[in-house]
Colleague: 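Below are the structure tokens for one structure; questions will follow.
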Amino acid sequence: MRIIQQNKDIILTSCRHFDIKRSFECGQCFRYEESEDGLFTLIAFGNIVRLRQTGDTIIFYDMDKDEFEKIWLGYFDLDRDYESVITELSFDEQFCLASEQACGIRIFRQDGWETLCSFIISQNNNIPRIKKIISALCGLLGEPISTGVNAFPTAESILSAGVEGLAPIKSGFRAKYLIDAAEKVVNGTVNLNELGRMDYKEAKETLMRIKGVGEKVSDCALLFGFGFHQAFPKDVWVKRVLDKYYGSDFDPNYFGENAGIAQQYLFYYERNILSKTKTNT
DNA sequence: AGCCAGGGTCTGC
DNA sequence: GCAGACCATGGC
């Protein structure tokens with residue numbers, strides 16, 4: 001992969017292991033839109049990013065190199081060698097099948113607070129509606145960053161809204177969980193800045209102090225928002241894979257330190273490929 | 001109309 | 001530790 005500044009854009013070439021469509025559509029990120037001509041618009045860290053992929057070339061529009069290296073290199077996990085990660089995980093037969101169909105998925109390193117809230121909202125919910133609720137939350141309480149676009153709201157802002165104040169976003173029973181998360185982050189019961197210094201187990205337990213955060217939500221936040229690549233979220237799709245091929249005694253340690261990456265490929269394979277092609281038996 | 005969705009809590013055994 | 005009811009909402 002090479003990074004080139006061309007006029008006002010950043011161009012990545014030879015991106016064998018970065019498929020932006022699959023990476024966005026694999027259920028890790030909710031603040032993006034794809035327009036009909038293949039343009040993706042992402043809102044993250046108070047910025048709006050527009051990007052498009054043609055073959056193995058990706059263009060980041062109106063982006064300067066300093067900003068790219070400071071924020072987006074890390075966000076898109078571009079320092080990680082996915083080739084060797086995939087080779088490492090390929091001892092497993094199901095992963096091999098999945099990685100052929102899900103090639104190019106990368107795990108984004110998103111904002112921790114936003115990721116935590118996003119996956120609190122995700123519980124017992126579907127992806128289109130998760131996106132809607134998050135968008136409404138930002139519109140209601142986020143700081144404007146452009147016309148009609150707001151950043152993700154701070155914990156203080158959500159806390160001051162209260163459960164009643166969140167009513168317009170129609171998050172249902174999850175509103176009280178968002179408030180509890182905001183409260184514990186503001187009062188220090190959960191210090192998100194310390195999570196990175198903890199081991200996986202301690203970080204997971206810390207997030208689970210929040211009401212509405214169980215094992216799965218905690219794992220998603222750790223994997224997509226805090227860089228814990230051994231976190232292995234088990235949602236209904238992943239459980240289907242585990243039931244079909246691995247048995248009830250499956251332990252994520254089977255996949256090692258990058259179990260979370262394996263999980264993401266299996267999730268995408270089951271949800272976006274298998275469930276749409278099989279003739280029901 | 002009923003089931004499902006990147007689940008968790010609470011209660012009862 | 002495990003099963004089941006319940007939780008809001010919208011798409012199909």
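Lettering of chains follows the sequences in order, A, B, ..., and the numbering in each one begins at 1.
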Colleague: Using a 4.0 Å heavy-atom cut-off across all strands, classify R271(A) as base, sugar-phosphate, or nothing.
Modeller: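 R271(A): backbone/sugar contact only, no base atoms under 4.0 Å.
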Colleague: Looking at D64(A) and K8(A), is there a salt bridge between them, counting it only when a charged N and a carboxylate O are closer than 4.0 Å?
Modeller: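 D64(A) and K8(A): not salt-bridged.
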Colleague: For L42(A), is there any backbone N or O sitting under 3.5 Å from a side-chain donor or acceptor partner on E33(A)?
Modeller: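 Such a contact is absent between E33(A) side chain and L42(A) backbone.
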Colleague: Counting only heavy atoms and a strict 4.0 angstrom limit, can you tell me which residues of residues 250-266 of chain A come near DNA chain B?
Modeller: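 DNA chain B contact set from residues 250-266 of chain A: Q263(A), Q264(A).
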Colleague: Closer than 4.0 angstrom, basic N to acidic O: yes or no for E83(A) and R16(A)?
Modeller: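 Looking at E83(A) and R16(A), the cut-off is met.
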Colleague: Applying ring-ring contact (aromatic ring centres under 6.0 Å, His included), can you list everything that pairs with F228(A), at least two apart in sequence or on another chain?
Modeller: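 Expected list: none.
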Colleague: Using atom P in both nucleotides, what's the gap between dT11(B) and dA8(C) to the nearest angstrom?
Modeller: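 Approximately 15 Å lies between the P atom of dT11(B) and that of dA8(C).
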Colleague: What distance, rounded to whole Å, do you find between the two C1' atoms, one in dG6(B) and one in dC2(C)?
Modeller: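 23 Å, rounded to whole Å.
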Colleague: Run the ring-ring contact (aromatic ring centres under 6.0 Å, His included) test against Y32(A) and tell me which residues pass, sequence neighbours left out.
Modeller: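 ring-ring contact (aromatic ring centres under 6.0 Å, His included) check on Y32(A) returns F24(A).
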Colleague: Using distance only, find each side-chain donor-acceptor pair of residues 48-56 of chain A under 3.5 Å and give its atom names and separation, not counting sequence neighbours.
Modeller:
{"from": "R52(A)", "atom 1": "NE", "to": "Y61(A)", "atom 2": "OH", "distance (Å)": "2.9"}
{"from": "R52(A)", "atom 1": "NH1", "to": "D37(A)", "atom 2": "O", "distance (Å)": "2.6"}
{"from": "Q53(A)", "atom 1": "OE1", "to": "I20(A)", "atom 2": "N", "distance (Å)": "2.8"}
{"from": "Q53(A)", "atom 1": "NE2", "to": "F18(A)", "atom 2": "O", "distance (Å)": "2.8"}
{"from": "Q53(A)", "atom 1": "NE2", "to": "G55(A)", "atom 2": "O", "distance (Å)": "3.0"}

Colleague: Looking at E205(A) and R209(A), does any basic side-chain N land under 4.0 Å from a carboxylate oxygen?
Modeller: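 So E205(A) does not pair with R209(A) through a salt bridge.
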Colleague: Tell me, which of residues 96-130 of chain A have any heavy atom that sits under 4.0 Å from an atom in DNA chain C?
Modeller: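 Listed by number, they are N124(A), N126(A), R129(A).
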Colleague: Touch check for C26(A), heavy atoms < 4.0 angstrom, all strands: base, sugar-phosphate only, or nothing?
Modeller: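 Base contact - C26(A) has a heavy atom under 4.0 Å of at least one base atom.
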Colleague: Using the side chain to side chain donor-acceptor pair (under 3.5 Å) criterion, which residues pair with D199(A)? Sequence neighbours excluded.
Modeller: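 D199(A): no side chain to side chain donor-acceptor pair (under 3.5 Å) contacts found.
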Colleague: Can you sort out the partners of E202(A) under side chain to side chain donor-acceptor pair (under 3.5 Å), two or more places apart, ordered by chain and number?
Modeller: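 Checked E202(A) against side chain to side chain donor-acceptor pair (under 3.5 Å); zero matches.
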Colleague: What residues from residues 210-239 of chain A pass a heavy-atom cutoff of under 4.0 Å to DNA chain C?
Modeller: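 Result for residues 210-239 of chain A: none.
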Colleague: For residues 149-162 of chain A, dump all side-chain donor-acceptor pairs below 3.5 Å to protein atoms at least two apart in sequence or in another chain.
Modeller:
{"from": "N150(A)", "atom 1": "ND2", "to": "C138(A)", "atom 2": "O", "distance (Å)": "3.0"}
{"from": "N150(A)", "atom 1": "ND2", "to": "G139(A)", "atom 2": "O", "distance (Å)": "3.4"}
{"from": "N150(A)", "atom 1": "ND2", "to": "G142(A)", "atom 2": "O", "distance (Å)": "3.0"}
{"from": "T154(A)", "atom 1": "OG1", "to": "S157(A)", "atom 2": "N", "distance (Å)": "3.1"}
{"from": "S157(A)", "atom 1": "OG", "to": "L141(A)", "atom 2": "O", "distance (Å)": "3.2"}
{"from": "S160(A)", "atom 1": "OG", "to": "E156(A)", "atom 2": "O", "distance (Å)": "3.3"}
{"from": "S160(A)", "atom 1": "OG", "to": "S157(A)", "atom 2": "O", "distance (Å)": "3.0"}

Colleague: Figure out the CG/P separation between L178(A) and dA8(C), and round it to whole Å.
Modeller: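 It is 13 Å, rounded to the nearest whole Å.
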Colleague: Going 5' to 3' along DNA chain B, which nucleotides are the first and last within contact of chain A (any atom under 4.0 Å from a heavy atom)?
Modeller: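 Nucleotide range with atoms under 4.0 Å of chain A: dA5(B) to dT9(B).
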Colleague: Under 3.5 Å, sequence neighbours excluded: what are the donor-acceptor pairs made by side chains of residues 181-190 of chain A?
Modeller:
{"from": "K184(A)", "atom 1": "NZ", "to": "D180(A)", "atom 2": "OD1", "distance (Å)": "2.9"}
{"from": "K184(A)", "atom 1": "NZ", "to": "D180(A)", "atom 2": "OD2", "distance (Å)": "2.8"}
{"from": "N187(A)", "atom 1": "OD1", "to": "T189(A)", "atom 2": "N", "distance (Å)": "2.8"}
{"from": "N187(A)", "atom 1": "OD1", "to": "T189(A)", "atom 2": "OG1", "distance (Å)": "2.6"}
{"from": "N187(A)", "atom 1": "ND2", "to": "E183(A)", "atom 2": "O", "distance (Å)": "3.3"}

Colleague: How do K132(A) and K176(A) order along DNA chain C: which one's closest nucleotide is nearer the 5' end?
Modeller: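 It is K176(A), whose closest nucleotide lies nearer the 5' terminus.
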Colleague: Do F226(A) and I120(A) share a hydrophobic cluster (ILVMFWY, side-chain heavy atoms under 4.5 Å, transitive)?
Modeller: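 Yes; I120(A) is reachable from F226(A) via cluster members.
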Colleague: Tell me every residue that passes ring-ring contact (aromatic ring centres under 6.0 Å, His included) with Y265(A), counting only those two or more places apart in sequence or in another chain.
Modeller: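 For Y265(A), the residues satisfying ring-ring contact (aromatic ring centres under 6.0 Å, His included) (neighbours in sequence not counted) are F95(A).
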